[in-house]
Amino acid sequence: MIDRPALGIVTHCFTERARNMLQLLFSGPGRNLYQLVDHDRDADIGIFDFDCVNASTQWDIYRSRHPKLPTIVLSLQDKVPPEAVFLRKPLASADLLLTIEQLRRQTDQKPLNKALEALPKTDLDTPTVSTRSATTAMDTGEFEKDIFGREPDVDLTSRNEIEEISYDPKRHYQYHISEVIRQTLDDNRPRVIESLIHQNKPVFVTPADGGKVFTQLSDHALRNLCIVSASDQKISIRECANSDISHQEIKASSAKAFLWKIALWSSRGRLPVGTDVHRPMQLRHWPNFTRILVTPNAMRIAALMTSRPISLSEVAKTLGLPQRSVFSFFSAANATIGFEAASFPETDLAKTEDRKSQLEQALDMAQSGTTPHRGFLSRMLGRLMRS
Amino acid sequence: MANYKIIFTGPVGAGKTTAISSISDIPPVRTDEEASDMTRERKKNTTVAMDYGLIKINQTERIHLYGTPGQERFDFMWEILTEGGVGLILLLDNTRPNCFGDLHFFLDAFKEFITKTKVVIGITRTDMKNAPGIEDYHRELRSTGLKPAIFEVDARKKDDVLMLLKALLYSLDPGLIDNE
């Protein structure tokens, strides 16, 4: 049992019945972790029901009093304040708890995942709510925040700051998936991976066709698994037979594509622990972008990191990208493709100078637009993006 | 009017004609003749001169898409076609008996052009035959020092072909930003 005060949750514009239901949730799966409070001054997080009468006015008043209080907005509709985290009604308790956990992390509190263990398993399967802000799915900005998180750039000369944005894949679902795929391809025996949260929807990995993954789990449910600590999921892995896989309504994907997105969702803009952001490295080859989840600027990063050894810090600088998008890409590419460190020691001055010269050229080209045809190429790219 | 050129190449039946059709703003112009040699066994109507398509960027700029004929006896035309080209898209049919042979043949045939520009590779018909896999192609190219983008592509799907085209542009310049 973790000894810390429960997170204070204040509600606004809730009916008495809705508040009672929330109380029930917090005394069940959320016991000792969350507590409904009566006063804003005691709250760490707010929950606002945007379907109340005069919601916009009520919201303005609320926000003027608490401009910085992390707030979850609930509504049946999409038209909610963009600065809040939005959950669409009807609400699944697992989604609410996960969202509270995410907000807790953002306020630098250690995540507590035990609440999820007590939930009925079916709650987590169906994506009945959207945890994205209330803009369309095609909004690249929101998609980016969804995948990369919202962490600002950190000082890459500060070890402490780098540590704060690091995560250990071995403590996450990603590690188990990666290991199962590796073992299955090594010994040619299918395996099944089960978690406490999704006992009725396991993940099957088979060696056929270079590795295939079969599961009924939705992307939404998988993303939740990537957020929750692996130790809380009580993951079990065992060999199975191909006949164990019922192919009805099962989604199949290549093992590599599956691991790519698991690594992306696990990273959420963070670095795998121990990564040296200043060490030049080269991506072994391009990802197979037509068959994987493509994130904003991934192709640019792939193009640069396959062309020459370059450090992650230089990639972000050269391409003018937020660090979190580079780190997410690195996490996924490192898990599925791999990188080669620069092959010459820094003491080999001739090659160091040559590499510096190459890098300077790349920096010049990327930043000053001296590539031949750059203007035309940009216009052509714009034309293709609109296709 | 500013005109630029992208070349599609690859063996017979790899999907060059289809790929150009997928993305061209105009109905592609095909120069077809009935195949007169062993190619006939593979594909009755094959492109023996070239395909042509067009993408209009704006009022004053266009990208001309040229598909090379898949028959070696026309390889004198390949050099003419690449003159002034921006880059090369190589499509390889994964069901052919010697995919790696095709790979090396075309990379060698266009070596000079690739050195001046870039190449990206699309592997077609992987749904009909999934070996060699993409990883195998990358492994095969290790000795050449080339690291082009290699994607699984369905030439009928516009999104797949556009992805290849985007990879070509980013290969030429990773610093590119969509600039309307």
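Note that this is a predicted model, so its numbers are computed, not measured. Letters A, B, ... mirror the listed sequences (proteins, then strands); counts begin at 1.
In this structure, chain A has a heavy atom under 4.5 Å from the side chain of D25(B), while its backbone stays farther away. Using a 4.5 Å cut-off between heavy atoms, I6(B) contacts chain A through its side chain alone, with no backbone atom that close. Neither the backbone nor the side chain of I337(A) comes within contact range of chain B; no heavy atom of the residue lies under 4.5 Å from a heavy atom of that chain. Residue contact with chain A, scored on non-hydrogen atoms closer than 4.5 Å, is absent for I23(B).
Residues of residues 157-167 of chain B lying under 4.5 angstrom from chain A, judged on non-hydrogen atoms, are K158(B), D160(B), L162(B), M163(B), L165(B), K166(B), A167(B) in numerical order. At a heavy-atom separation below 4.5 angstrom, chain A is approached by K147(B), P148(B), A149(B), I150(B), F151(B), E152(B), V153(B), D154(B) within residues 145-156 of chain B.
Proximity of N288(A) to E135(B): side-chain heavy atoms (C-beta onward) are nowhere separated by under 4.5 Å.
Partners of T124(B) according to the side-chain hydrogen bond (donor to acceptor under 3.5 Å, both in side chains) rule, which considers only residues two or more places apart in sequence or in another chain, do not exist here. Y175(A) is linked by a side-chain hydrogen bond (donor to acceptor under 3.5 Å, both in side chains) to nothing, counting only residues two or more places apart in sequence or in another chain.
With respect to the salt-bridge test (charged N to carboxylate O, under 4.0 angstrom), the residues K317(A) and E314(A) do not qualify. Between D102(B) and R96(B), at least one side-chain nitrogen of the basic residue sits less than 4.0 Å from a carboxylate oxygen of the acidic one, meeting the salt-bridge criterion.
Distance check, rounded to the nearest 0.5 Å: CG of L141(B) to CG of D136(B) gives 11.0 Å.
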What do the steps show when you test F8(B) against Y66(B) for ring pair (Phe, Tyr, Trp, His ring centres under 6.0 Å), and what is the final call?
CA-CA 6 Å; F8(B) 284 71; Y66(B) 288 97; over 10 Å; no
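Nearest heavy atom pair, residue Q323(A) against residue D153(A), reads N-OD1, 2.8 Å.
Y4(B) and H64(B) share no donor-acceptor pair across their side chains, judged by distance under 3.5 Å alone. Counting only N and O atoms by type, the side chains of T184(A) and D186(A) include no donor and acceptor under 3.5 Å apart.
Annotation: Y137(B) is in aromatic contact with F100(B) [ring centroid separation under 6.0 Å].
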